[in-house]
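Nothing here was measured: the structure is a model prediction, and the numbers come from that model.
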2 protein chains.
Amino acid sequence: MLKFDKNCCRHEAEVFKALGHPTRLWIVKQLADGQEHCVCEFVEAVGIRFATMSQHLAILKNAGLIIDDKRGKQVFYRLTCPCILPVIQCLGEKRQE
Amino acid sequence: MLKFDKNCCRHEAEVFKALGHPTRLWIVKQLADGQEHCVCEFVEAVGIRFATMSQHLAILKNAGLIIDDKRGKQVFYRLTCPCILPVIQCLGEKRQE
DNA sequence: AAAATATTTAGTTATATTACAAAATAACAG
DNA sequence: CTGTTATTTTGTAATATAACTAAATATTTT
């Protein structure tokens, strides 16, 4: 007999929700090699406003996927756990065109 | 230099988006042992309407995560790839309370 | 201290998601 | 064929998300 607990998957689902946007998934992939990148790099590459990028980064941070490091005027982001790449690739391949 | 291609992550992100809802993540977990379950079992356990459950299942199916098998009046769902469980657990643990 | 740069926060609007009710299908039972 | 059961589809309303602009904050440069 299946049993559903309303709260059981709520926090976990946040992680997947955070990855469920093209821009955010792309950001995580850029960081997957363990390197860090600055907000302005993302803004330039994606072509959206700073404010929008900042929100996306906040969502990823809140999901526990990335952490930030402020140095001078710039903020650098990196993955909390760079081992995430193979996992993301494995899931990403599930979708058939 | 980072380079963003608008379409590159769109399909992949669909998979994560599909998992980014408590009910849907729970469904996938119930199927993770490779067993199949019928729609009515999910409806009973979660306590939402048939129509709503059907929509959730359609999203998971469209993401390529589950497939259905109609037998008589009932429809049974199972994972396309039961190996998904460790992957989901690995990602789900990322989130700090 | 004032100006400039990098980023975040707040407020707003368009769009997407979620859940429901009601109607439509499909398979089976009488 | 008629009614019943299981599920999907369609239409709708409430809520959430995503992008933008403008304002706020923090750090460096002048």
[X] and [Y]: which non-hydrogen atoms are nearest, and at how many Å?
X: A:V43; Y: A:I48; result: CG1-O, 3.3 Å
X: B:P22; Y: A:A13; result: N-CB, 3.7 Å
X: B:I66; Y: B:Y77; result: CD1-CD2, 3.4 Å

Nearest-angstrom distance from the residue atom [atom1] of [X] to [atom2] of [N]:
X: B:F42; N: D:dT8; atom1: CZ; atom2: P; value: 11 Å
X: B:E44; N: D:dT5; atom1: CD; atom2: P; value: 16 Å
X: B:F76; N: D:dA6; atom1: CZ; atom2: C1'; value: 11 Å
X: A:I59; N: C:dT7; atom1: CD1; atom2: P; value: 18 Å
X: B:D68; N: D:dA6; atom1: CG; atom2: P; value: 17 Å
X: A:R10; N: C:dT18; atom1: CZ; atom2: P; value: 15 Å
X: B:M53; N: C:dA21; atom1: CE; atom2: C1'; value: 17 Å
X: A:L60; N: D:dT17; atom1: CG; atom2: P; value: 14 Å

Base, sugar-phosphate, or nothing: which does A:Y77 touch, judged by heavy atoms less than 4.0 Å apart?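 Sugar-phosphate, no base atom in range.
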What one-letter contact string describes nucleotides 20-27 of chain D from 5' to 3', where B marks a base within less than 4.0 Å of any protein heavy atom, S marks contact via sugar-phosphate atoms alone, and - marks no contact? BBB---SB
On DNA chain C, compare the nucleotides closest to A:Q74 and A:A58; which residue's is nearer the 5' end?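 The residue mapped nearer the 5' terminus is A:Q74.
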Enumerate the residues from residues 25-37 of chain B whose closest heavy atom to DNA chain D is under 4.0 Å, giving them by residue number; use none for an empty result.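 When residues 25-37 of chain B is checked for heavy atoms under 4.0 Å from DNA chain D, there are no hits whatsoever.
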Starting at [atom1] of [X], measure out to [atom2] of [Y] and round the result to the nearest 0.5 Å.
X: B:I59; Y: B:L57; atom1: CD1; atom2: CG; answer: 9.5 Å
X: B:D68; Y: B:L60; atom1: CG; atom2: CG; answer: 11.5 Å
X: B:F4; Y: A:E44; atom1: CZ; atom2: CD; answer: 14.0 Å
X: B:C90; Y: B:L85; atom1: SG; atom2: CG; answer: 11.5 Å
X: B:Q89; Y: B:E93; atom1: CD; atom2: CD; answer: 6.5 Å

Starting from the first five and the last five pairs of the helix from C:dA1-D:dT30 to C:dG30-D:dC1, work out the angle between the resulting helix axes, to 10 degrees.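 For the helix from C:dA1-D:dT30 to C:dG30-D:dC1, the axes at either end differ by 20°.
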Under a 4.5 Å cut-off applied to non-hydrogen side-chain atoms, are B:L91 and A:L19 in contact?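 Sidechains of A:L19 and B:L91: in contact.
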When you compare the side chain of B:V75 with that of B:D69, does any pair of heavy atoms fall below 4.5 Å?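 They are not in side-chain contact.
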Please output the side-chain donor-acceptor pairs of residues 27-41 of chain B that fall under 3.5 Å, not counting sequence neighbours, one pair per line with the distance.
from	atom 1	to	atom 2	distance (Å)
B:K29	NZ	A:E12	OE1	2.6
B:K29	NZ	A:E12	OE2	3.2
B:Q30	NE2	B:W26	O	3.2
B:D33	OD1	B:Q35	N	3.1
B:E36	OE2	B:R71	NH1	3.2
B:E36	OE2	B:R71	NH2	2.5
B:H37	ND1	B:E41	OE1	3.1
B:H37	ND1	B:E41	OE2	3.4
B:E41	OE2	B:C38	N	2.9

Would you confirm whether B:T80, through its side chain, and B:L65, through its main-chain N or O, come within 3.5 Å as a donor-acceptor pair?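 Flag set: sc B:T80 to bb B:L65 pair under 3.5 Å.
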Scan nucleotides 14-17 of chain C against the protein and return all N/O pairs shorter than 3.5 Å with their distances rounded to 0.1 Å.
from	atom 1	to	atom 2	distance (Å)
C:dT17	OP1	B:K17	NZ	2.9

Give a yes/no on whether any side-chain N or O of A:H56 is located under 4.0 angstrom from OP1 or OP2 of D:dT17.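 No, A:H56 has no side-chain N/O under 4.0 Å of OP1/OP2 on D:dT17.
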Qualifying residues under side chain to side chain donor-acceptor pair (under 3.5 Å), relative to B:H56, sequence neighbours excluded: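 Only B:R24 meet the side chain to side chain donor-acceptor pair (under 3.5 Å) criterion with B:H56.
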